[in-house]
Every structure is written in structure tokens, then in C-alpha cells.
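A short write-up of the structure that comes next.
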Amino acid sequence: MIRLYNSLTQAKEDFVPREEGKAGIYCCGPTVYNLVHIGNARPYVTFAVLRSWLRHRGYAVALVENITDVDDKIIAKASAEGRTSAEVAAEYTAAYHDDMGRLGLELRPDVEPLATETIPEIVDLCRRLVATGHAYEADGSVYFRVRSFPEYGKLSRQRIEDLEEGARVEGEPGKEDPLDFAVWKAAKPGEPAWESPWGMGRPGWHIECSAMGLRYLGAGFDVHGGGRDLIFPHHENEIAQSEAAGLPFARIWMHNGMIRSGGEKMAKSVGNIFLLREVLDRYAPPVVLTYFLTTHYRSPLEFSVDKLDEAKAAYDRLVEAVRTASFRIDHPGDGEPLRADELHAAAAAARDGFAAHMDDDLNTAAALGEVFGLARELFRYVAAADAAGAAVDADALEEAEDAIVAGLDALLIALPDSVSSARDLRAAKGEQACTTENVALPPAARLAEEARWDDLALLYVERLNCGDATYACALRDRYRGEKDWASADKVRDAIQAAGFELRDTPQGTQVVPRG
RNA sequence: GGCGGCGUAGCCAAGUGGUAAGGCAAGGGUCUGCAAAACCCUCAUUCACCGGUUCGACUCCGGUCGCCGCCUCCA
């Protein structure tokens with residue numbers, strides 16, 4: 001049973017979907033007036049991982065993430081730059097897709113609706129609110145009457161009286177009450193505008209999320225997500241607008257913690273932001289994912305180069321474990337394999353532990369801990385086999401490797417291409433085709449078997465230039481066997497120059513692409 | 001002032017009634033022709049502080065201190 005922390009009840013609850021076997025998630029996406037920063041990526045990643053996990057658990061999931069492409073800030077930017085609002089929105093929508101896309105295409109939401117394509121639904125919602133007395137028109141704008149909704153404040157736990165005290169005076173003379181908020185704004189000259197029963201105007205404040213959530217997921221949908229900072233007023237208002245109109249809104253509210261920089265929330269207004277694209281220029285996407293997921297999504301997360309570096313070291317260790325497993329499965333060694341009961345047991349335990357932690361409010365940090373624990377067992381087993389001069393149990397290694405990869409896969413943390421393609425190759429049980437100038441070459445292993453060392457020596461440099469280190473490895477192993485260190489080192493230099501790192505194992509030279 | 005959250009080793013971070021996962025860093029050792037990777041050992045008698053409940057609390061209750069978020073656009 002999956003349990004999720006619901007901000008509405010401030011407790012973990014069993015996840016009982018509205019419709020059996022299905023789950024609908026709405027997550028607040030960006031207002032496209034600027035480049036996204038690393039903080040914006042946290043909910044994007046969090047809810048993509050939630051979707052991933054729900055799918056692993058057999059749910060058919062729809063993840064909807066809006067793009068707000070009409071808004072005061074966009075209009076202000078357009079006006080400052082002498083462009084149209086639509087041009088600004090288009091530019092930053094494209095940039096948003098570019099930047100988030102680099103995190104991995106499998107993270108993309110299933111639906112990314114635009115506010116400007118949801119105008120009829122928005123107008124409809126406003127009309128319903130006016131008809132039921134929950135909203136009123138003033139000078140072409142429509143305001144939500146906060147005091148008409150008795151449950152107002154149920155998410156943020158704010159009492160209307162308390163809000164009243166702290167409320168800043170809004171320069172909007174048509175309001176009955178300072179707490180009331182616009183659901184529809186009358187257009188000023190030059191602003192983007194659509195027809196409505198109240199004249200030309202545009203969506204106000206936060207109504208687009210109500211309209212899009214209800215449009216794509218329907219009343220009473222399962223999960224609504226976003227950053228903690230949106231609880232008030234954004235999410236509170238979404239609830240009020242929707243439910244006052246007679247449409248039950250989201251049942252479970254999930255909020256991710258803020259990314260901080262210098263101990264403060266990362267925010268454009270604070271000026272301590274790091275753009276996602278800057279971070280991705282320096283760190284690979286799976287490293288950034290690891291950085292996010294080694295902390296529980298509800299906790300605050302400090303941004304720093306040190307933390308990214310640590311995430312890289314952590315990620316590299318996991319990759320190394322998979323590499324080691326892959327290599328040893330292909331080169332198990334001779335003789336009786338070392339018994340692997342403990343490794344089998346560890347793999348099974350890690351799988352169970354991983355699932356249990358993920359079920360428990362998406363505890364990715366603890367789940368990842370299970371994966372690390374299994375990696376350790378895997379290394380330990382290989383080291384024990386080497387120490388005993390024994391072969392390895394390829395089945396056990398494969399089981400452990402699969403568990404690690406399955407965990408990373410569920411967390412959307414990708415393996416480097418070189419590692420996943422090695423796994424694919426093994427799965428296909430195929431031999432790598434070796435061709436030089438369209439002439440098929442025998443695999444290195446066969447040349448070595450037939451003791452054709454001159455051929456290997458002749459070809460290995462050329463093969464390295466094609467990114468194939470198998471000839472070089474076979475040759476170096478031969479030299480090492482003869483204790484011809486000078487020749488062996490010469491081949492090693494060539495391998496390294498071709499961009500590989502070497503690992504010596506009892507079963508010969510293992511190469512891994514550098515970087 | 002109101003609402004919410006947090007405080008666990010040098011750093012990061014799980015745990016939340018049964019005696020402290022995991023990662024990084026550091027030191028020592030093993031393996032190794034060299035190198036890399038890996039392994040082993042060490043690294044919180046203790047979970048901000050003070051009381052209380054309990055056979056037993058990091059975990060529950062009360063209080064204190066410190067930090068953060070929201071109350072205004074904000075992921």
C-alpha cells in the first residue's frame with residue numbers, strides 16, 4: 001500500500017485513488033517569463049518520480065503540468081522589451097522544454113496544457129462562481145468573494161481574521177474585501193485579451209490551475225503537487241475557486257520543500273538563483289537527479305557545488321557497481337564459483353526495502369540507501385571471490401545488478417550509455433560487429449584464442465580510434481601474462497589516450513569510458 | 001503577530017516507542033609490476049537544550065533556544 005503525506009490533513013494517508021487502478025496528478029508548472037532555475041526543477045522531478053513509482057505499482061497514471069503563458073509578469077516583461085506577451089511566452093516555453101528536457105525525456109508530463117488554450121473553461125468557471133454568488137463583477141473584472149467560502153483557509157490553516165490583519169491593501173478599488181482575489185481581469189489597452197461576459201479580459205491570479213486540473217483530470221482528482229511556497233495563496237485559492245463552484249478539487253496535496261542557497265530560499269526576488277541550464281552544463285542529468293533524490297522531497301535542500309560533487313561521487317559508485325557486475329558476468333573466471341547465498345539474499349532484501357521505502361511517502365533517500373547497501377554487498381562478494389581465487393556466480397551478480405538498475409530506473413536516474421549498452425548487448429547475447437573499412441574482423445577473443453598476437457598488435461590502435469578497446473585489452477593481457485611491462489604499459493597509454501580508464505581484474509583488463 | 005516546518009557524526013542524510021541506514025570526507029591496512037577500482041578497520045554510549053510519561057524515547061507530552069518557509073510574485 002502506498003502512503004502519501006497529505007498537506008490537507010497533515011498526515012500520511014493510504015493512497016486510495018478515485019478510480020481503481022488509475023491515478024491523476026496535477027503539478028503546478030512554470031509561468032513562462034524567465035529561465036527556470038534549479039528550484040523549479042524540484043517539483044518537476046518529484047512528481048515525475050511519483051508517477052514513475054505509481055506506474056511501477058501498476059497504476060495507469062496521468063501527470064498534468066500546466067504552463068501559464070498569460071500573466072502580469074509576462075506582460076510586464078513584454079512591455080519592457082517592446083515585444084508582445086505571446087512572443088515572450090513562446091520564448092520561455094521553448095527554453096523551459098529545452099532545459100527540463102535535458103533532465104530526461106521520460107520525466108516529461110503526459111499533458112502540458114497552456115493557460116491560453118483553456119480560456120473557455122476559465123470563463124465558464126468564472127461564470128459559475130458569479131451565478132452562485134461566490135464571485136462578483138466590478139469594472140470588467142471578476143473577484144472571488146473569499147468570505148462566501150466557509151472552508152477558506154483549510155489548506156494553509158489560516159483564519160480569515162488573521163489574514164485580514166496582515167493583508168496589504170490592494171490597489172483595486174472594485175474589491176468588496178481586501179482578501180478577495182481576481183479570477184478575471186479586465187484588459188488594459190495593449191494587453192492580451194479574450195472575450196467574456198464581462199468584456200475583454202484575461203484570467204486572473206490562479207484560476208488557470210483550477211480550470212486545467214479539472215479539465216484534464218476531472219473533479220475530485222487524486223494528487224495536486226507543487227512547492228510549499230504555493231500553499232498560500234495559490235493553492236488555497238485554487239481550492240476555493242473550484243469547490244465554491246461545486247467541483248471537488250484535489251484530494252491529496254503534496255508539497256515539496258524549497259531549494260535554498262546561502263541558507264535562504266532560492267528565489268528570483270532574492271537574487272540567489274542558479275539556472276537549471278547552468279547546473280546541467282556542469283553536471284550530468286543523473287547526477288542532478290541523484291542530488292535531488294538523496295533528500296526526502298518534503299525537506300529543504302541546500303544548493304551548493306559541494307553537494308553536487310557529492311552526488312556525483314555517489315552516482316559514480318552505483319555506476320561502478322553495475323560496471324563491475326557487467327564485466328564479471330561476462331568474465332566469471334574459471335573453476336567453481338564462490339557461493340553467493342548472501343548476495344542473493346541481499347538483492348532480495350534490497351528490492352523489498354526499496355519498495356517499502358518508496359511506498360512510504362516516496363522516501364527516495366532511504367530507497368537509494370538500499371541500493372547503495374546492495375552495491376556494497378556486490379563489491380564485497382567480488383572482492384571475496386578474488387581473494388579466494390574463485391570464479392564469481394554470474395547469476396547472483398546478475399540478480400544484484402538487476403536490482404540496482406531497477407532501483408535507478410524507478411527513480412529515473414539513467415545509466416551512462418556505455419553501461420546500459422553493455423547490458424543491452426548481453427541481453428541480446430550478440431557479438432559486437434567489428435568492421436574496419438567494411439571488412440568484417442574477427443572478435444578480439446578469437447584472435448587471442450588463436451594466438452594471432454601480430455594481428456592484434458597491427459590492429460589495436462586503429463580499433464581504439466573506432467572506440468573499440470577489445471583488441472588493445474587482449475593484447476595488453478598477453479603482455480602482462482609475459483610480464484612484458486614495457487609493452488603492456490605502451491598499450492595502456494594508448495588505451496588511456498583513447499579516452500578509457502583501466503581496471504585490472506583477475507580476468508583481465510576492464511576498460512571504462514572516462515568522464 | 002498568525003500559520004507551518006526543521007534542529008541526528010567533520011559535511012550531507014534516513015529513521016520516529018525497543019536500543020542510531022546510507023553517501024561524502026578523513027586516518028590506518030589489504031590486494032596490485034605500476035596505476036585505477038574495490039575490500040577491511042576506525043569515525044554519534046548518542047540524536048539542539050530542559051523537564052515529564054514509559055520496563056524502555058532520537059522517537060510520545062510540556063517548555064526553552066536556534067534556524068527556515070508562508071502570510072506579497074515565488075517551485
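The shown structure was predicted, so the numbers you read here are calculated from the model rather than taken from an experiment. Below, read A as the first sequence line, B as the second, and so on, with proteins coming before strands; counting in each chain starts at 1.
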Below the 4.0 Å mark, does B:rA14 have OP1 or OP2 next to a side-chain nitrogen or oxygen of A:S299? yes
Would one find a side-chain N or O of A:K307 under 4.0 angstrom from OP1 or OP2 of B:rG23? no
Send over the distance from A:E370 CD to B:rG23 P, rounded to a whole Å. 12 Å
Quick test of the criterion, 5.5 Å between centres and less than 30° between planes. Is A:W485 stacked on B:rG33 or not? yes
In a table with atom names and distances, give each donor-acceptor pair under 3.5 Å that connects a side chain of residues 342-353 of chain A to protein atoms at least two apart or in another chain.
unit_1 : atom_1 : unit_2 : atom_2 : d
A:H344 : ND1    : A:E399 : OE1    : 2.3

Same-atom distance (C1') from B:rG22 to B:rA13, integer angstrom: 8 Å
Please give, in whole Å, the distance from B:rA21 P to A:R376 CZ? 12 Å
Taking only Lys NZ, Arg NE, NH1 and NH2, and the carboxylate oxygens of Asp or Glu, determine whether A:D14 and A:R3 approach each other closer than 4.0 Å. yes
Taking atom C1' in both B:rC50 and B:rU19, what distance in whole Å separates the two? 23 Å
Expressed as a whole number of Å, how far does the P atom of B:rG27 sit from that of B:rG15? 31 Å
Give a yes/no verdict on a cation-pi contact between A:R298 and A:Y5, requiring under 6.0 Å between NZ or CZ and the six-membered ring centre and an angle within 45° of the axis. yes
With P as the reference atom in both, quote the distance from B:rG17 to B:rU32 in angstrom, rounded to an integer. 49 Å
Where are the stems of RNA chain B, defined as at least 3 consecutive Watson-Crick or wobble G-U pairs with both distances under 3.5 Å? B:1-7 with B:65-71, B:10-12 with B:22-24, B:26-30 with B:38-42, B:48-52 with B:60-64
Salt bridge or not for A:R478 and A:D484, using N-O below 4.0 Å? no
Please give me every residue in residues 36-47 of chain A whose heavy atoms get under 4.0 Å of an atom in RNA chain B, ordered by residue number. A:H37, A:G39, A:N40, A:P43
Ignoring backbone atoms, establish whether A:K312 has a side-chain N or O less than 4.0 Å from OP1 or OP2 of B:rC24. no
Base B:rA35 paired with A:D504 side chain (donor-acceptor, <3.5 Å): yes
Please determine whether salt bridge (Lys or Arg N to Asp or Glu O under 4.0 Å) holds for the pair A:E191 and A:R202, giving the CA-CA distance in whole Å, both sets of side-chain angles, and the decisive distance to 0.1 Å. CA-CA 9 Å; A:E191 290 182 352; A:R202 60 191 162 87; 3.3 Å; yes
If you measure from the P atom in B:rU42 to the same atom in B:rG33, how many Å do you get, rounded? 28 Å
Is the shortest side-chain N/O distance from A:R317 to OP1 or OP2 of B:rC39 below 4.0 Å? yes
Test A:H235 against every option in A:W205, A:W253, A:Y152 by the ring-ring contact (aromatic ring centres under 6.0 Å, His included) rule and name the one that passes. A:W253
Strictly below 4.0 Å, N to O, side chains only: are A:R328 and A:D386 in salt-bridge contact? yes
Can A:R145 and A:E176 be counted as an ion pair, charged N to O under 4.0 angstrom? yes
To the nearest 0.5 Å, atom CZ of A:R480 lies from atom CH2 of A:W485 at 5.5 Å
Would you measure the distance from the P atom in B:rU59 across to the matching atom in B:rC41 and give it in whole Å? 31 Å
